[in-house]
2 protein chains.
Amino acid sequence: MASVSRFINSPEKVRAETRERIRLAIQECNYRFNFVAKVFSTQRTQTIGLVIPTITNTVFADSTRGLQDEATRHGYQVLMVNADYDSAAESRLVRHLLERQVDGLVLTVSDPHGPIARELADAGTPAVFLFSTLSEGPVSSVGIDNERGGFDATTHLADLGHERIAMLAGSFATSDRSRHRYDGYCRCLSTRGLTLDPQLVVQIPYGLEYCREGVLRLMQTANPPTAIFASNDLMAIGAMGELRSLGLSVPRDVSVVGFDDVLMSSYVAPRLTTIRQPVYEMGRRAVQMVLDALGRGEQSVPRHVILNHELVVRESTASLHRA
Amino acid sequence: MASVSRFINSPEKVRAETRERIRLAIQECNYRFNFVAKVFSTQRTQTIGLVIPTITNTVFADSTRGLQDEATRHGYQVLMVNADYDSAAESRLVRHLLERQVDGLVLTVSDPHGPIARELADAGTPAVFLFSTLSEGPVSSVGIDNERGGFDATTHLADLGHERIAMLAGSFATSDRSRHRYDGYCRCLSTRGLTLDPQLVVQIPYGLEYCREGVLRLMQTANPPTAIFASNDLMAIGAMGELRSLGLSVPRDVSVVGFDDVLMSSYVAPRLTTIRQPVYEMGRRAVQMVLDALGRGEQSVPRHVILNHELVVRESTASLHRA
DNA sequence: AACTTCGATGTAAACGGTTACATATTATGG
DNA sequence: CCATAATATGTAACCGTTTACATCGAAGTT
C-alpha cells in the first residue's frame, strides 16, 4: 500500500524489482488511481477555482488562458464556473468551490467590496480578485486602473472634437469595473468642461442582445450623441450593429470606443478603437499571487497590483464632422 | 455524526430539537462541509465533466449554457476543461476527469472514432460526444448532420450563381466536424457539376488569427473564388476582416457563409449568412443522455441523435455579379 | 562476527463523510 | 399502564490514499 503510493508519487524511491512487481499488480486488477481519495487524505486538490461573470465575453476566455498556462506550469488545474453576472450566484459558487477544497480562488465579481470579500478572507483560502481596481481590502487583486481607462477612452473622443459623448454602460450593480469606467468618463467630461447629460448615460445588462434598446434610448433623444463609449468591446460591437440598423454610419455619424481589446475587435467592420487590457498577463499574475500566498501560509498580506492599459486607435472613431 | 449527516441531507428526518442542537454545534466550531469526503464515501460527485476544444469560440459557450442549465436542474455541477484542439490534451484531460470521479462526460473531440472512444467505453463512465455526427460507435453522441450542413451552405452559394466556391476549413486533423462539412461541400460541387479545385480548399488551425494567411492563399491564386464557405462563424468573420484588408467588399466581390450562427454573427457588418446549430438544445440533450445512462447503469446502449440545422440567410452572400 | 548505518518496505492510523444496523425514545392501541 | 410499533438517534465500519513510524536487510566498519 505505502509502496504503491511511493511508486506513484516518486518512483525513484522504490527498487526496480518492486517497481516491476507493482506495475504487474496494477495491470492485473486494472487499477485506476483515485484522485478523490488522495485529496481527501492530503487536503490538497492542486486546483484553483475560477469564478467569471460570463463565458460569452472572450476577455474572460483570454485571461483564463494566461491563468491556465501558469497553473499547469505549476501542476495545478483550473476549475472554472461562471456566475452570469449574478451576485447571489457568486456567493453560492464560492461556497461550492470551497467545499470542493480548491487550494485557491481567482474571481471576477460584481462587487469586490461587498460581503464576499469578508467571506473569502474568513475562509483562509488564498483568493485574488481579477479585473477590478482595488487599492485596499482583505483580499488581493490584480487589474488595471479602470477609472483611468474610462478617462482615456473618453478623452480620446473629446480630443476628436466630440462634445456629446454617451456612455453605454454595463449595469453598475453587476460590475464595479463598469462603475469605475463611468467615474473616469465623468472626470474627463468635467475636466473638459463638458456637461454630464444624464440622458447620455444608459445602463444595460451585459450581453450583445441588450444593446439594441440601449442604443435606441441614446439615439432617440432630442439631441443625440456623436460618440459612444461602451463598457466593453462586446457592447461596442453590439452598439455598432444597432447603429447600422438605424441607418447610421460608424465613425462618420457616430464614433464608438470599446474596452478590453478582444481579438474580435480588430476583425469587425469598422475595426474597433478600444482600451487594451493585458488580460493574459493578468491571468498569469493572479495565479502567481495565489500560489505565492499558498507558499507563505497564513501570514501572507493582501497585495494589489495594477497593470498598464493602452488606448488602441482603429477605425471606429473619427473627428467630429460638424454639420 | 450520523445525525449531522441526516441533518444536512434530509433535515426533515431529524427532530426539531436535535436540529437546533446541531445548528448550534455547527455555529460553535464553525464547521464547513467537506464535499471531498462525501464524494470519497459515496463515489458520486454529482459532477459532469465537459471537454471543449476551445473557450474562445462562443458556440461552445452557448452549448455549455444549455448543458449547465440542464445539469443544475438535476443538481449536477459541470466541470469544464478545454483541450485547445489538441488530441493528446483530450486524452490527458479525460483521464484527469475520470480520476476526479466525474459521474459522466460530455466531450467535443478531434476524432470521435479515434482511440478515445475505446478508452471511454472501457471506463464505464457514461459519456456523450457533442457536435459530431455519428451513427454508430460505443459512445453516444448528439449533434447535427455536418455533412448536410456543409452541403446546404455550399448549395446556397451555388444557387446564387457562384461557381468558384472556396472552403476555408478548420484543420481536419483537429476536427471531424470540419471534415464532414468539407464532405458536404464536395458533394454539392459534384452534384452541381462544378469542379473541385484543390487550390480553393485551405485548411488552417482554428482561431481568428490564422484566417489572414488562409484568405491570402485563396485570393492570390490566378483565378480567385467569388465565394467562401468557412468551417465556422469565427473563421468567417476573420475571413471578412481579411477580405476587407485586401480591399474587397463582402458580399459584392466575395460572398461568405459561416457555420454555427454564433450571436456575434448577427451583429458584424455585413451580418453573416450561416448554418444555425441548435446549440443550447444540443447541450441539454447531452446531459439528459448522460443522466439517462447514469440511471440505467451498465446495460445502457449508446444512442446517436441528430438534430436539425437551418440555413440563415443574411447580408454576407449575394448573387454573383458577372464581370 | 558483531555492530552500525542507511535505504527499502511494511503497518496502521488518519482524513470526514455515509450508511447498515443497534439501541433508545416516543407514540399508539388494547 | 404495558406491549408493541414506529421513529429518532447513536455506533462503527467503510471508502482509498498518505505518512509517521516500525521493521527488515544489505552494506560498511571495527
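Numbered from 1 within each chain, the chains take letters A, B, ... in sequence-line order. These numbers come from the heavy atoms of this one structure, side chains and all, not from hydrogens, waters or symmetry mates.
Between the P atom of C/dG17 and the CZ atom of A/R100 lies a distance of 15 Å, rounded to the nearest Å. The distance between atom CZ of A/R15 and atom C1' of D/dA27, rounded to the nearest whole Å, is 13 Å. The CZ atom of B/R21 sits 10 Å away from the C1' atom of D/dG10 (whole-angstrom rounding). Taking atom CD1 on B/I8 and atom C1' on C/dT19, their separation rounds to 15 Å, with Å as the unit. The separation between B/E12 atom CD and D/dT7 atom P is 13 Å, rounded to whole Å. As a whole-Å value, the separation of B/Q43 CD from C/dG16 P is 18 Å. Atoms CZ (B/R6) and P (C/dA20) sit 11 Å apart, rounded to a whole Å. Following rounding to the nearest Å, A/K13 (NZ) and D/dA20 (C1') show an atom-to-atom distance of 13 Å.
Applying the 4.0 Å criterion to OP1 and OP2 of C/dG16, one finds that A/Q101 has every side-chain N and O outside that range.
Between B/R95 and B/E99 there is no salt bridge, since none of the side-chain N atoms of the basic residue sits less than 4.0 Å from a carboxylate O of the acidic one. Taking 4.0 Å as the cut-off between side-chain N and carboxylate O, B/D122 and B/R118 count as a salt-bridged pair. Between B/D111 and B/R179 there is no salt bridge, since no side-chain nitrogen of the basic residue lies less than 4.0 Å from a carboxylate oxygen of the acidic one. One finds no salt bridge joining A/D69 and A/R284 here, because no Lys/Arg side-chain nitrogen approaches an Asp/Glu carboxylate oxygen to under 4.0 Å.
Judged as a ring pair (Phe, Tyr, Trp, His ring centres under 6.0 Å), the pairs with a partner in residues 55-103 of chain A (not counting sequence neighbours) are, in order, A/F60-A/F131, A/Y85-A/Y206.
Two residues are said to be in side-chain contact when any heavy atoms from C-beta on lie closer than 4.5 Å; B/T47 and B/L97 fail this criterion.
Comparing B/A16 and A/N9 against DNA chain D, the residue whose closest nucleotide sits nearer the 5' end is B/A16.
Taking every heavy atom of residues 31-42 of chain A and every atom of DNA chain C, pairs under 4.0 Å involve A/F40, A/S41, by number.
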